[in-house]
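Below: the structure, in structure tokens.
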There are 2 protein chains.
Amino acid sequence: MQFTSEQHLDDGVLEREFTLGEIPGILWTPASTSAPSPLILLGHPPLGLRKMYPRLVARARHCAAEGFATATIELPGSGDRPRWTAVDQARADLRRAMEAGEPVSDEIVDALVLPLVDKAVPEWQAALDALLSLPEIGGPVGYSGGVISIGVRLAVVEPRIVAAVLFAGSFVPRATFEEARRATVPLHVLLQWDDEGNDRQPALDLFDAFGSQEKTLEANMGGHTGVPQFAGDAAARFFTRHLRDRPAWRG
Amino acid sequence: MQFTSEQHLDDGVLEREFTLGEIPGILWTPASTSAPSPLILLGHPPLGLRKMYPRLVARARHCAAEGFATATIELPGSGDRPRWTAVDQARADLRRAMEAGEPVSDEIVDALVLPLVDKAVPEWQAALDALLSLPEIGGPVGYSGGVISIGVRLAVVEPRIVAAVLFAGSFVPRATFEEARRATVPLHVLLQWDDEGNDRQPALDLFDAFGSQEKTLEANMGGHTGVPQFAGDAAARFFTRHLRDRPAWRG
């Protein structure tokens, strides 16, 4: 892990860009901490870190105010990373089906999402190894955000992740529903009730499928990017309950 | 309104029983206040105040800690109030249908709920008149709890109620869905995902029907009486946002 730039934001949060092999990423740490900070991995849709930066940095600042470090990495095939022909092809197929008003087949959804999950999850795990080796980062670790299939896989396979905030989305492969049944960590699922790009029913079905004993669904009005401030606050309190109010792994 | 008893609970909350004509009720006011308190009306299922008391007083203490006065009244036909043959008959019809494994007809639901709503809502409004005439009670006013059809009617017809926390329930008359479309106040709807006594789908349909621009659905695991502590906290924050962080009507 190589840091490539560093700056203090106006609220004192330290923002550092890094590369992990070929993968770019960003780490934010709180202005002042007396002990290693718990860490929240910030997931995001595959639109490229540059495009997602304004929303990511807002979430990072919010988390830093609660004492959490946050980090994110570029998804395979997005942003400055090499194009990925197979996923580009699946995206084109998806667009064609939607423009033609046809139902989006399971095959298109699988081709769009599953290779991304298979490739991205080990990358997030490698980033976790590197981040947890920094003295300023402790545990426990949470995952927050999309792609929901990546969040579900990480919640199931990565034992260092002890709680997750997931953003409901459409285009959920059947395999994700199966994995969801194996989830055991506490989950807080945000659903935008009138999200123009997402179907509500698969989101409700996926929530129902999660095996976790503690799971909360919070649905609010508005579209995909219109999550209200108070819903962000509720997600922060979920992390406070599960990451900060339990003993750190170190420090 | 006649106060019939008064006691200080161990946390200093003042609990006063009262009668309003033939209707018994309870008022709880915070231990110390510098100004008239906002008021939350505590709704409850028609099981009688005595039976509901442990849950009501717990909610009242929680609200008092946030600076809210709370009050509740006995529902018609419940507790120490005279039996109400028509509603008893509808309850018997409901029990018979459920024990026979038959679907509960719209007619049974209407007969069970609509007369209760028609009679109870003006009583809650009369209680509101009396409570708001006390110097220690100011506005604004919220409604919290079941019967959901009573909460919906009050939220729609009573302009002094500016926000409501509703507990999802089954046996929702078609008329309540129609009224829900006319709701405009902010709503926070609690749904117990695995409630053994309630159907999930009508609760989701009713949430969808509400006309309010701000409405949140919070679903958690567990049965009817298993609302987790953190969900109670979230409902309290909803009231803080809508009742306390706006100017009082008086004082």
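A note on names: the letters A, B, ... follow the listed sequences, proteins ahead of strands, and every chain is numbered from 1. Remember, predicted model here, so these are calculated numbers, not experimental data.
In this structure, chain B has heavy atoms under 4.5 Å from both the backbone and the side chain of A:Asp208. A:Leu191 does not touch chain B: none of its heavy atoms, backbone or side chain, sits under 4.5 Å away.
Rounding to the nearest 0.5 angstrom, the gap separating the CG atom in B:Leu204 from the CD atom in A:Gln201 is 8.0 Å.
Among the candidates B:Trp193, B:Phe207, B:Phe238, the residue making the largest number of heavy-atom pairs closer than 4.5 Å to chain A is B:Trp193. When each of B:Arg237, B:Glu218, B:Gln213, B:Arg200 is scored by its heavy-atom pairs under 4.5 Å with chain A, the top score falls to B:Arg237.
Side-chain contact between B:Glu214 and A:Asn220: absent, with no pair of heavy atoms (C-beta onward) separated by less than 4.5 Å.
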